[in-house]
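What follows is a short report on a single structure.
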Amino acid sequence: MPKLDESLLTGLPPFSLLDRAQIREILDQAVSRRYDEGTAIFREGHDADRFYLLLDGYLRVIRSTPGGDQIIVLHISPGQLFGIAPALQRNTYPATAIAAAESIALSWPVRVWDDFITRYPGFATESYKTLGQRLGQIQETLTEMATQAVEKRVACALLRMVHQSGRKSDKGIEIAFPVTRQNISDMTGTTLHTVSRLLSAWQKDGIVESTRKHIVVTDPHALVVLSEA
DNA sequence: TCATTAATAGCAT
DNA sequence: ATGCTATTAATGA
């Protein structure tokens with residue numbers, strides 16, 4: 001296995017308070033792996049034997065409902081911890097993580113979790129902070145799904161992806177990972193057909209521009225207006 | 001070029 | 001207004 005460079009972790013929130021030697025310790029226990037687009041890093045209900053940090057790429061976190069269909073709960077962007085079942089006192093993963101684009105992640109065995117928490121200042125607080133943020137976000141989208149009209153939900157979903165992965169391009173802000181209409185419908189509880197119609201209409205109005213699996217928001221403000229309407 | 005998968009068009013509920 | 005079937009378009013082998 002290649003020796004991992006310390007610059008990979010310096011500056012990332014969970015490790016920002018640590019010195020060089022501590023980061024070295026952490027890296028020496030880590031395993032680095034690459035995941036092709038569409039690959040599962042771990043699956044819902046399986047034994048949580050490792051926890052992860054996304055270095056590069058994007059992930060979809062998916063949960064299946066009692067009804068059998070799957071919904072996209074949230075996305076993970078580079079620098080974030082994920083699969084941190086030990087923080088939830090769980091020994092199985094609560095959701096499935098799929099690489100939305102080619103991704104690279106570090107992972108550690110769960111048995112070192114308690115060690116990390118006690119030995120590395122800032123790691124615990126940052127981990128629980130991201131955990132809390134995610135719970136809040138899930139709550140938000142959940143109530144949104146139950147109460148808001150479809151157009152608003154899709155507008156919100158696009159805005160969320162823009163916020164966590166938006167890159168400026170010449171046309172506007174582009175979503176940095178491949179997204180299908182099916183994906184968006186899985187995030188919003190509709191069908192790909194409705195999403196397709198909405199995107200077509202918005203494209204005509206100059207709010208978005210989309211090609212296959214690729215979306216650019218050309219008028220973010222108009223989308224914000226739609227999401228609040 | 002063909003097989004696979006994404007996106008739309010048009011009809012039904 | 002939203003969902004479904006059938007068709008077209010794009011992509012990658």
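Chain identifiers are assigned alphabetically (A, B, ...) following the order of the sequence lines, protein sequences preceding nucleic acid strands; residue numbering begins at 1 within each chain. Only this structure's heavy atoms are used, side chains among them; waters, hydrogens and symmetry mates stay out.
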Detail all sub-3.5 Å separations between protein N/O atoms and N/O atoms belonging to nucleotides 10-13 of chain B.
from	atom 1	to	atom 2	distance (Å)
B/dG10	O6	A/Arg197	NH1	3.3

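Among B/dA6, B/dT8, C/dT2, the nucleotide with an atom closest to any side-chain atom of A/Lys213 is B/dA6. Checked against B/dT8, C/dT2, B/dA6, the side chain of A/Thr194 finds its nearest nucleotide in C/dT2.
Close placement of the A/Phe42 and A/Tyr52 rings is indicated, their centers lying within 6.0 Å of each other.
Straight-line distance from the CG atom of A/Leu192 to the P atom of B/dA6: 10 Å, rounded to whole Å. Separating the CD atom of A/Gln148 from the P atom of C/dA1 is a distance of 17 Å, rounded to the nearest angstrom. In this structure, A/Lys152 atom NZ and C/dA1 atom P are separated by 15 Å, rounded to whole Å. Atom CD in A/Gln182 sits about 19 Å away from atom P in B/dT4, given to the nearest Å. Following rounding to the nearest Å, A/Leu198 (CG) and B/dA9 (C1') show an atom-to-atom distance of 16 Å. For A/Arg181 and B/dT5, the CZ to C1' distance is 13 Å, given to the nearest whole Å. If you take CG of A/Leu199 and C1' of C/dT2, they are 15 Å apart, rounded to a whole angstrom. If you take CG of A/Asn183 and C1' of B/dT5, they are 13 Å apart, rounded to a whole angstrom.
One hydrophobic cluster, built from ILVMFWY side chains closer than 4.5 Å, cannot hold both A/Ile98 and A/Leu54; they sit in different ones. Under the 4.5 Å side-chain heavy-atom criterion for grouping Ile, Leu, Val, Met, Phe, Trp and Tyr, A/Tyr35 is connected to A/Ile76 within one hydrophobic cluster.
For the pair A/Lys168 and A/Asp170, the salt-bridge criterion is not met [side-chain N within less than 4.0 Å of a carboxylate O].
Side-chain contact of A/Asn183 with A/Thr180: a donor-acceptor pair under 3.5 Å is present, judged by distance alone. Residues A/Gln70 and A/Thr65 have side chains that never bring a donor and an acceptor to within less than 3.5 angstrom of each other. Checked by atom type, the side-chain pair A/Glu25/A/Tyr120 shows a donor-acceptor distance below 3.5 Å.
Dashed line: the shortest gap from a side-chain N or O of A/Thr191 to OP1 or OP2 of C/dT2 is not under 4.0 Å. For the OP1/OP2 pair of B/dA6 and a distance below 4.0 Å, the side-chain nitrogens and oxygens of A/Thr180 include no atom meeting the criterion.
The residue A/Thr190 sits close only to the backbone: its heavy atoms come under 4.0 Å of sugar-phosphate atoms, none of a base.
One donor-acceptor pair, N or O on each side, does fall under 3.5 Å between the base of B/dT5 and the side chain of A/Arg212.
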